[in-house]
Visitor: 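One structure, pasted below without further comment.
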Amino acid sequence: MTIRTRFAPSPTGYLHIGGARTALFAWAYARRHGGKFILRIEDTDVARSTPEAVQAILDGMNWLGLAHDEGPFYQMQRMPRYKEVIAQMLAAGTAYHCYTSSEELDHLREAQMANKEKPRYDGRWRPEPGKALPAVPAGVAPVVRFRNPLDGVVAWDDGVKGCIEIANAELDDFIIARADGAPTYNFCVVVDDWDMGITNVIRGDDHVNNTPRQINVLQALGAQVPQYAHLSMILGDDGTKLSKRHGAVSVMQYDEDGYLPEAVLNYLARLGWSHGDEEVFTMEQFVQWFDLDHITSSAAQFNTEKLNWLNAHYLKSAADTRLAGEAAQRLARRGIDPEAGAPLEKVVALYKDRVTNLNELADALEPFYVVVQPSAEMIAAHLTEPVRAALKVLRDRLSSCIWEKAAISAAFKETLTACALKMPQVAIPLRVVLLGQPQSPAIDAVLEVLGRDEVLARLDRYL
RNA sequence: GACCCUAUCGUCUAGAGGCCUAGGACAAUACCCUUUCACGGUAUGAACCGGGGUUCGAAUCCCCGUGGGGUCGCCA
């Protein structure tokens, strides 16, 4: 049997980090076993689903490189099928009409809560042999409820959490079709997983309580029950639940913030899953190693610092050309065109092992392509008379030396000897003049990359 | 409140009864490297939630407590 997994987000918002990890694990499981990964959009909540959200999810998946083999399937396009199954269940007696209004249900819930009971439907419209049902009220459109078994337990061997057992007595007859005939989530999922031949349902922890209901429906339908695996949630950096207000940002925000997709993927893979001491690995390795046995069953706290470290790591090993392309885009957004200045790839090479993200890289690159304006205080503090004199000597030598690192370095050393100064005494003021800041990579490398004309021009502004 | 899940350094985790004086990584601290700042290297500190069992032996198994989380919709 080939493994078939699915990722089934509802398009009520962007793809956030928790959803991305769920998708990653479901994707990896299918890849690991040579199976298929299916994308399904659960858009039956018409009021909250938007096409923008669908696009945002697709964009997120695409950025991460989590390609699906089938779909995307849209539940709204499967309405006839759901209605067909509901009709079958009604005919078979595994579902029934219920005329209780929302208001009545609210009252029932309140009363149960006040009584410290678990709020649940009381089965008043559930047909039983020899039971007299209430009179059908006029003008009320009924909902359809699933006739859940009364006794026994529903048990499954969860891929992450192990054996879970829930008594049917805890479950009530949930609604599978609304008064307007629209099917509900717990029902659509079941029909879809069945029709799409899903063998392994890998989803968030918050669905554990839906699982017994879904299993019961599957069984009522005579369908094969898939294997379930429930991933525990991801907490925010501060250990509290992720919310729109903090942490639950779109994966595209990570792109915006200068993270590389492979860093995010590697980080996510390692959050809640492990392969011994492995920390840094490719997606190929991940797919090869991935298994349910090594998924942690408790919630994990997101740690931005570790993500930053991974991102810095991937930045260091990324190709200069790729990084130059990324940086150019970010510079362009700031209205900076690196075309006419120092060769971008060379500058990138100087900085890529010194930054944690692409925005920092762009920050570092910027002074190479704009007129830098160190503050008057900075100039006053660094450009003392002896330094100024030394820079003049240096300027003379630089104007005539061969323009490559070794020669530039030699010119520097000669200047130091001539002026009886130490390296930092000249290099730091020079950095301020050239780049507007006292720190930079090795000064000879910076000079080489910046180019003789530019170096002399920048120097002349202050000498 | 009921039901379900869960608990190892600050954080992510290794750990499937003896290999554990509990390992790795991020972060922290110190030192080294150095042409500044980084990078890098080396080193240090840092944890088995509590209580009972089971066993010759428990971080690992069981029970209770406590903490954390999830769910109880004509949302998904």
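Every chain is numbered from 1, with letters handed out A, B, ... down the list of sequences.
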Visitor: Can you tell me if A:Lys316 has over 12 outside heavy atoms packed within less than 6.0 Å of its NZ?
Guide: yes

Visitor: Can you tell which of B:C26, B:U36, B:A76 lies closest to the side chain of A:Asp45?
Guide: B:A76

Visitor: When we call it a touch if two heavy atoms are under 4.0 Å apart, what does A:Val208 touch: a base, just sugar-phosphate, or nothing?
Guide: sugar-phosphate

Visitor: Side chain of A:Trp309 only, please: which of B:U36, B:C5, B:A25 is the nearest?
Guide: B:A25

Visitor: Tell me whether the side-chain N or O atoms of A:Asn210 pair up with the base of B:A76 as donor and acceptor below 3.5 Å, since no angle test is needed here.
Guide: yes

Visitor: Kindly point out which of B:U35, B:G70, B:C74 is positioned nearest to the side chain of A:Ser409?
Guide: B:U35

Visitor: Rounded to the Å, how far apart are A:Tyr228 OH and B:C4 C1'?
Guide: 16 Å

Visitor: Less than 3.5 Å apart, any donor N or O on the side chain of A:Tyr96 or A:Asp173 sitting next to an acceptor on the other?
Guide: yes

Visitor: State which of B:A14, B:G70, B:C72 makes the closest approach to the side chain of A:Asp206.
Guide: B:G70

Visitor: Any idea which of B:C12, B:U71, B:U36 is nearest the A:Gln301 side chain?
Guide: B:C12

Visitor: Just by distance, no angles: are the side chains of A:Asp192 and A:Tyr82 close enough, under 3.5 Å, to form a donor-acceptor pair?
Guide: yes

Visitor: Which nucleotide in the set B:G70, B:A2, B:U35 lies at the smallest distance from any side-chain heavy atom of A:Lys118?
Guide: B:A2

Visitor: Can you tell me the Watson-Crick or wobble partner of B:U35, both distances under 3.5 angstrom?
Guide: none

Visitor: Any strand counts, and the cut-off is 3.5 Å on both contacts for Watson-Crick or G-U wobble. Which nucleotide pairs with B:G50?
Guide: B:C64

Visitor: Could you work out which one of B:C39, B:A76, B:G24 sits closest to the side chain of A:Glu279?
Guide: B:G24

Visitor: Give the nucleotide from the list B:U13, B:U35, B:G15 with an atom nearest to the side chain of A:Ala300.
Guide: B:U13

Visitor: Please tell me whether A:Asp291 and A:Trp273 have a donor and an acceptor in their side chains that are separated by less than 3.5 angstrom.
Guide: yes

Visitor: Under the 3.5 Å rule, do the base of B:G23 and the side chain of A:Asp277 count as making a donor-acceptor pair?
Guide: yes

Visitor: Looking across every strand, which nucleic acid part, if any, lies under 4.0 Å from A:Ile175 by heavy atom: base, sugar-phosphate, or nothing?
Guide: base

Visitor: Regarding A:Ser102, tell me which of base, sugar-phosphate or nothing describes its non-hydrogen contacts under 4.0 Å with the strands shown.
Guide: base

Visitor: Flag yes if more than 12 heavy atoms outside A:Leu133 fall under 6.0 Å of its CG atom; otherwise flag no.
Guide: yes

Visitor: Do the rings of A:Tyr99 and A:His97 sit parallel, tilted or perpendicular, given the 30° and 60° boundaries?
Guide: tilted

Visitor: Checking all strands, does A:Lys316 fall into the base, sugar-phosphate, or nothing category for heavy-atom contacts under 4.0 angstrom?
Guide: sugar-phosphate

Visitor: Write down the partner of B:A16 under the Watson-Crick or G-U wobble criteria, each distance required to be under 3.5 Å.
Guide: none

Visitor: Among B:C5, B:G73, B:U13, which nucleotide has an atom closest to any side-chain atom of A:Pro119?
Guide: B:G73

Visitor: Contact class for A:His207 (heavy atom, under 4.0 Å): base, sugar-phosphate, or nothing?
Guide: base

Visitor: As a test of reading the structure: which of B:G24, B:A76, B:U35 is closest to the side chain of A:Arg270, going by heavy atoms?
Guide: B:G24

Visitor: Whom does B:G10 pair with, Watson-Crick or G-U wobble, provided both distances fall under 3.5 Å?
Guide: B:C26

Visitor: How many whole angstroms separate atom CE of A:Met233 from atom P of B:C12?
Guide: 13 Å

